[in-house]
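The chains referred to below are lettered A, B, ... by the order of the sequence lines, with proteins before strands, and numbering in each begins at 1.
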Amino acid sequence: MSQARTAYYSEANLVNDSGAAGHFRRNRIFYVGGAVALAIAIALRIYQQTMSFSVGTDYYEPEFQTYWMSLLYIEVVVLSAIGIIGSVYVWFTRETDAASISPQLELSRYFKLLGVLSVIGLWAVTVAALAIESDASWHQVTIRDTDFTPTHIVIFYFAIPLLTAILIPTFIWTHTRIPAFMNRVSLPFLAVVCGIFMIMPNYGFNEWGHTFFYAEELFSAPIHYGFVVMGWSLFFLVPLAIQIIQRMAQLIAEVSKDDTAVA
Amino acid sequence: MSVELPADKITDVQRFDLSVLTRPSAQKFYKRFDGIIIFVLFAFIALGIMLQYSLTAGDWDYWVDWRDRRWWPLVTPITFMIFIGGFMYPVWRAFRLPVIATAVTTLLALSSWVSRYYNFHLFADFPMSFVFPSTYIALGILMDCVLAMTRSMIMTTIVGAFLFAGLLWPVNWPLLAAYKVPVEYNGLLLSVSDLMGYEYVRTTTPEYLRIIEESTLRTFGGSVTPLTAVFAAFASILVFALATMASSAIYNYAGRYTRRIA
Amino acid sequence: MNLGTKFLKLISVLALLVLVSGDAMAHGERAQLASMRMRTVHWFDIKVEPQNAKVGDTIVMTGKFIPSKFWPEQLPSVDDTFFLNVGLPGPKFIRVNSEINGVPMIRSTAAEKGKLYEFKVVVRARVAGRYHMHPLLNVKDAGTLVGKGTWIDVDESDSDAPYVNEVTTMQGDVIDLENYALGNVYFWHVVWIILGVAYLVYWLILPKKGVFIPRYMFIAESGIDKANSLVTKKDFMVSGVFFTVTLAIILTGYLWAESKYPVTIPLQTGKVEVVGYEVPTGGLEIAVENATYELTGRNLSMRTRMKNTSASPIRIAEFITANIRFINDKVPGTGMVAGEEMVSKDGLSVSVDVIAPGQEVDVLLKAEDALWEKYRMTGLIYDPDSRFAGMLFYYDAQGNRYQQEVGGAVLPSNF
């Protein structure tokens, strides 16, 4: 590890940057990633708002195929690209020597991980506030005639899978860059990733059920409980936070040990 | 670095030099970490409670003509107890922070308002008076305060969960009472909310879909609301206890690193 | 289609976004299995007036339906529970009244298979736009069964005043349902959100020296027995204040609501009963001997034996199935409503023009049109239960119209 690289990443330097400029520089991952995430969310939302009731009510109209099915195909391609390319890239650029990582660099990597998690968090907020209940309001006022309804195309085939598509590379990155995670696997992290991933197979059950035995559009119906149970994987977030805190507490003590001033 | 990596299990003993806590530069890191972890945790809690709540009790909260005396005050606290129990135990165990019930209810209120406005009002054209969310924040505060004052998960389970479910109806009554005023419509007695449910067309949410007021002739007049409250309160105690046990199992057994399979 | 073209298509779609009008499409009519649409509810005489309106105007939809006697065994039917509804993309209209055979349909009801029901739905335009309005039945556990749709154009109202939907309560108050009691709802939500956020700020933001890591370190280092000392006396006091204030506000709010709205009633539910009319069959006996469906010719042929037991000659005028009208153009009087869809003006050919009184005769009926294809009826062959049903309409010499349901097994031909 070169000295220059250590210095560049040094969180000790970054954290002392005062004022708004320092704040934005420290949290650049969140602000840049968050802006992109927000822009995508708003664009999708506007698309959904404009195109659902106008060209999204009849799967068998050619307009539906043009405006909605092509969106679906693009989403699938984009998500696969993010997930696969991201995972392959972070795997092949993995750290091979954990011993060469300085405490400063290690701490900065924790903040990087937290930065990515907060971008995912921002996306999660948009899913919570904009996507989930739009599916309810849509299905409770329109007649379902396909598995690929407009709100499903937005929430099932993009909004929720995007969480997974970013979480999987993040999971690999964490386990190949951060010493505490190297050579072992964080069970809570795995549970969060798998739980959110498993929401996707649950679509299959959902669509199958709606097609064959459950005709009503009740949102709190047992057929939807699978999504809830998968949501419980978020209970593993606190143990994951503790794993992160355990090491960060050590690193902060190490990085701040030259600070002799006593408050 | 000389310090050992944390052990495999998060519950294993880990020693810290607490004098670090007084270092100003360390405190800057702590504050910065707080800002990020609060955002991340709250963001995922918002997603989680939205999933949990809308898919188990959502219909009662979307439409004012679903908020009955019998099912809504029973289903709602139970679904909250599952989620609050899942987060309250680990956050109390690791940080002694009695904030989860308030956080969950407040985050649900905020995201519900955004959601009802954009999804039900702007997207599907319902008037806000028909689709406004109920409020549960007061119940969350009560539950958290019980935990803060008693510093006991057991007391929180017995008293906090009881209050959460037992007071759900009075907390929402100031919002809801106006919608239970009687009107006469085409020769039928309806409450204002029934009338709204009839007038504002929901193509695939027919009247019979409402899970409300199912009862036998053995319903004794006016005791429906308190009876439901007491039953819901006891059910909530049980559900909260189970959820807490489940989350303690997650914390104690799954809160670990596992060695890579060779 | 390769990826590049798809991408280009999306770009053009986005560019076109602004050009797309508020046209709502038809919905749902074509999704269900062909046999299911043929054998559930027969809708006819659907009339929507007026088809051009302004916001605030009243629109009346009338029509008739007969639940099929050939209702699929595996599908829950109208004889349990159903609700008369309107197929519209959300509450663009307000439902003012709805009735079946004169009985108000505010609640759910049940119907008898093979009986005739006349419905009327009155709506008031609320949001401008172009809509496809259907009558529909929500059948419990079976889903939505859609009648024929009619396009309605709703223009903005002449005045700029916001839309109001006024109702008088039994206490005599006039209320506007569009924003009834909303100020109250906002007020209480704001009160609780402020209190909730304040509580969270106290615990998470106010501590100047950090929260999560210091507290974790303290508990890890000093052990679980001393952990509770993290919750200080001050915390106890503050929580006590929050607890008391919350309880006091709850009590105040409850008492205020009780005094402001002393008379309240529980939500009203339950089923209403409606008696179906007998279907006027006019003394014609029809027995379907066999039926075939030609995949290539897009036609359904029914070989029937008919016996006219009435005193008047009878002419077969129309066949309706799955909301598609096949009209025998040789018989006068089978009119079309303006703007009516799903009509084949000369789609029905009948081998016997007039059935004389007392005559018993073999009649070949052929319903032929591209509409079979357009409305995805060609899927008949993929149905697990290859049976059909439809309504046959006929006139006597006086011009009286009669109808009855026909149906039976159907075989595909000409593979």
Side-chain angles (χ1 to χ4, degrees), chain A residues 12 15 26 49 103 114 117-118 121-122 124-125 127-130 132-134 136-144 179-180 183-188 191 216-220 224-225 227-228 231-232 234-239 241-243 246-250 252-254 256 259 261-263, chain B residues 1 3 5-6 8 10 14 16-17 20 22-30 32-33 36-37 39-41 43-44 46-48 50-52 54-59 62 86-87 90-91 94 111 114-115 118-120 122-124 202-205 209 247 250-251 254-260:
Chain A
V15 83
R26 279 194 295 279
Q49 181 99 20
L114 289 167
L117 286 179
S118 46
L122 188 68
V125 169
V127 176
L130 292 178
I132 292 177
E133 286 187 352
S134 75
S137 69
W138 171 262
H139 283 293
Q140 297 192 328
V141 300
T142 58
I143 299 163
R144 186 188 291 252
N183 294 316
R184 49 186 185 174
V185 177
S186 161
L187 218 50
E216 305 288 10
E217 298 292 354
L218 185 67
F219 214 55
S220 30
H224 294 149
Y225 289 176
F227 295 113
V228 178
W232 291 347
L234 296 177
F235 293 162
F236 288 85
L237 274 176
V238 183
I242 291 163
Q243 287 183 334
Q246 284 186 329
R247 182 63 178 164
M248 283 184 78
Q250 293 177 338
I252 291 170
E254 186 72 18
S256 67
D259 180 6
V262 176
Chain B
M1 205 170 109
V3 191
L5 287 173
D8 280 354
I10 57 171
Q14 195 188 9
F16 291 102
D17 173 12
V20 183
T22 55
R23 291 182 198 156
S25 63
Q27 286 171 0
K28 276 187 183 164
F29 279 115
Y30 299 150
R32 182 174 173 209
F33 178 83
I36 299 172
I37 202 72
F39 178 81
V40 173
L41 211 55
F44 280 103
L47 174 66
M50 205 67 180
L51 266 179
Q52 164 96 26
S54 61
L55 292 168
T56 53
D59 302 85
Y62 300 154
F87 275 99
V91 171
S111 33
V114 176
S115 180
Y118 281 102
N119 297 324
F120 284 81
L122 288 188
F123 186 48
R202 290 167 294 188
T203 303
T204 34
T205 311
L209 201 61
S247 64
I250 289 175
Y251 189 94
R256 65 196 298 168
Y257 296 94
T258 171
R259 291 289 156 180
R260 193 173 288 173

For [X] against [Y], the heavy-atom pair lying closest together:
{"X": "A:V238", "Y": "B:P90", "answer": "CG1-CB, 3.5 Å"}
{"X": "A:L187", "Y": "B:A254", "answer": "CB-O, 3.4 Å"}
{"X": "A:S118", "Y": "B:F39", "answer": "O-CE2, 3.2 Å"}
{"X": "A:A253", "Y": "B:R23", "answer": "O-NH1, 2.8 Å"}

Select, from [options], the one with the greatest count of heavy-atom pairs under 4.5 Å involving chain A.
{"options": "B:S54, B:A124, B:G58", "result": "B:S54"}
{"options": "B:G86, B:A94, B:G255, B:S111", "result": "B:G86"}
{"options": "B:Q14, B:R202, B:Q52", "result": "B:Q14"}

Using non-hydrogen atoms and a 4.5 Å limit, figure out which bit of [X] sits close to chain A: side chain, backbone, both or neither.
{"X": "B:D17", "answer": "neither"}
{"X": "B:F16", "answer": "side chain"}
{"X": "B:Y62", "answer": "side chain"}
{"X": "B:L209", "answer": "both"}
{"X": "B:V114", "answer": "both"}

First locate atom [atom1] of [X], then atom [atom2] of [Y], and finally report the distance between them rounded to the nearest 0.5 Å.
{"X": "A:R184", "Y": "B:L5", "atom1": "CZ", "atom2": "CG", "result": "6.0 Å"}
{"X": "B:I36", "Y": "A:L114", "atom1": "CD1", "atom2": "CG", "result": "5.0 Å"}
{"X": "B:M50", "Y": "A:L130", "atom1": "CE", "atom2": "CG", "result": "9.5 Å"}
{"X": "B:L55", "Y": "A:H224", "atom1": "CG", "atom2": "NE2", "result": "6.5 Å"}

Residue part contacting chain B, namely of [X], when any heavy atom lies under 4.5 Å:
{"X": "A:F227", "value": "both"}
{"X": "A:I132", "value": "side chain"}
{"X": "A:S186", "value": "both"}

Taking [options] one by one, which has the highest count of heavy-atom pairs under 4.5 Å against chain B?
{"options": "A:L237, A:L117, A:V125, A:I252", "result": "A:I252"}
{"options": "A:A136, A:S134, A:P239, A:A191", "result": "A:S134"}
{"options": "A:Q140, A:M248, A:Q49", "result": "A:Q140"}
{"options": "A:G231, A:A180, A:A241", "result": "A:A180"}

| Taking the inter-plane angle between the rings of A:F235 and B:F87 on a 0 to 90° scale, is it parallel (under 30°), tilted (30 to 60°) or perpendicular (over 60°)? | perpendicular
Could you tell me if the side chain of [Y] sits less than 4.5 Å from the side chain of [X], heavy atoms only?
{"X": "B:Y118", "Y": "A:E133", "value": "no"}
{"X": "B:N119", "Y": "A:W138", "value": "no"}
{"X": "B:T204", "Y": "A:R144", "value": "no"}
{"X": "A:S256", "Y": "B:K28", "value": "no"}

| request: Please check if the side chain of B:R32 supplies one atom and the backbone of A:R26 the other of a donor-acceptor pair under 3.5 Å. | output: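 It does hold such a pair.
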| request: Would you kindly say whether A:S220 and B:D59 are connected by a side-chain donor-acceptor distance under 3.5 Å? | output: yes
